[in-house]
Amino acid sequence: MLKPDAVVRTWGGDAKLLKALEVRGIKIIQINEVGNFTQAKNEVKSVGQALGVAQEGVHQSSKMSAALDKVQKPSQMRRVLYYTPSAYSAGKSTWVGQLISATGNELVAEQDYFYYLSPETFLSARADVYALGFYGDAYAMRRAPGRHPLVRQRIAKSPHVTIPSPMLACSAWYSAFDLPKLAERLK
């Protein structure tokens, strides 16, 4: 209906959609999943090149580097526990791990990737600050383990920040622009 020249995609969209795009002569540009900001910068340049705006890709990559350089590291590193309403946490090898590391803090994690963290385990974990993901989403908060009264009480009585959902999207290179603010809030 919109008649685009190109579609930029990550892992979403089924085979029928991709075939329909191909049949219509629409260029498909795949954004590869990235695990850190160095990979993200290279991917931004690659997508800019594929879209025919290579200089804009280089410019956005440079802006990302400048934003990362503005992050003020804390004088005292804080131990940060990431938690979602569905009781999942994230390890150091996730995008969340990269975000926390880029702020100069340490992610408290039992595993390297995403994993279930029961309310009981959450309550026994020790962190200086809690980083909450998707806590602003009313739908995600329905009947979720993260709504447990003791979990909510611990969070309310402890230093905590809510990470904006767009920063948590897989390969969200643009989250670099919000990192200086997040770093300040984690102090």
Sequence neighbours left out, what passes side chain to side chain contact (heavy atoms under 4.5 Å, CB included) with [X]? Give chain and number order.
X	answer
Val7	Pro4, Leu21, Ile26
Val53	Leu51, Glu56
Gln39	Val34, Asn36
Asp112	Ser93

Show me the pairs that pass ring pair (Phe, Tyr, Trp, His ring centres under 6.0 Å) and involve residues 42-76, at least two apart or across chains. none
Mind listing the side-chain donor-acceptor pairs of residues 63-74 below 3.5 Å, one per line with the distance, residues two or more places apart or on another chain?
residue : atom : partner : partner atom : Å
Ser65   : OG   : Lys41   : NZ           : 3.2
Ser65   : OG   : Ser61   : O            : 3.4
Lys73   : NZ   : Ala102  : O            : 2.8

The criterion is side-chain hydrogen bond (donor to acceptor under 3.5 Å, both in side chains); which residues satisfy it with Glu106, sequence neighbours excluded? none
Residue set satisfying side-chain hydrogen bond (donor to acceptor under 3.5 Å, both in side chains) with Gln111, at least two apart, ordered chain then number -> none
Working for side chain to side chain contact (heavy atoms under 4.5 Å, CB included), residues Phe122 and Ile155: CA-CA 10 Å; Phe122 171 88; Ile155 291 169; 3.8 Å; yes
Could you pull out the closest heavy-atom pair between [X] and [Y], with the gap in Å?
X	Y	answer
Tyr83	Val151	CE2-CG1, 3.8 Å
Ile100	Thr103	O-OG1, 2.6 Å
Tyr174	Pro166	OH-O, 3.2 Å
Leu99	Phe37	CD2-CZ, 3.9 Å
Gln49	Ala54	OE1-CB, 3.4 Å
Glu43	Asn32	OE2-N, 2.8 Å

So does Asn105 get a backbone contact from the side chain of Arg78, meaning a donor-acceptor N/O pair under 3.5 Å? no
What distance separates Tyr116 OH from Ser86 OG, expressed to the nearest 0.5 Å? 8.5 Å
Could you give the distance from OH (Tyr113) to OG1 (Thr94), rounded to the nearest 0.5 Å? 9.0 Å
Keeping to residues at least two apart or across chains, list the side-chain hydrogen bond (donor to acceptor under 3.5 Å, both in side chains) pairs with something in residues 153-162. Tyr130-Arg154
Establish whether [X] and [Y] are linked, either directly or via other cluster members, by ILVMFWY side-chain heavy-atom contacts under 4.5 Å.
X	Y	value
Leu150	Leu132	yes
Val108	Leu117	yes
Leu81	Leu123	yes
Leu186	Trp95	yes

Flag side-chain contact, heavy atom, 4.5 Å: [X] against [Y]:
X	Y	result
Leu107	Ser101	no
Ile31	Arg9	no
Val161	Leu182	yes
Val129	Lys187	no

Would you call the rings of Tyr82 and Phe114 parallel, tilted or perpendicular if under 30° counts as parallel and over 60° as perpendicular? perpendicular
Salt bridge (Lys or Arg N to Asp or Glu O under 4.0 Å) with Lys181: which residues, sequence neighbours excluded? Asp178
Those residues that, when tested against Lys27, pass salt bridge (Lys or Arg N to Asp or Glu O under 4.0 Å) (two or more places apart): none
Report the C-alpha distance between Leu179 and Met167 in whole Å, list the side-chain angles of each, state the deciding distance to 0.1 Å, and finish with yes or no for side chain to side chain contact (heavy atoms under 4.5 Å, CB included). CA-CA 9 Å; Leu179 274 176; Met167 286 184 79; 4.0 Å; yes
May I ask you to list the residues sharing a hydrophobic cluster with Met77, side-chain cutoff 4.5 Å, ordered by chain and number? none
What's the verdict on side chain to side chain contact (heavy atoms under 4.5 Å, CB included) for Glu33 and Thr10, showing C-alpha distance, side-chain angles and the deciding distance? CA-CA 7 Å; Glu33 188 168 336; Thr10 55; over 6 Å; no
Phe177 atom CZ: more than 12 heavy-atom contacts under 6.0 Å: yes
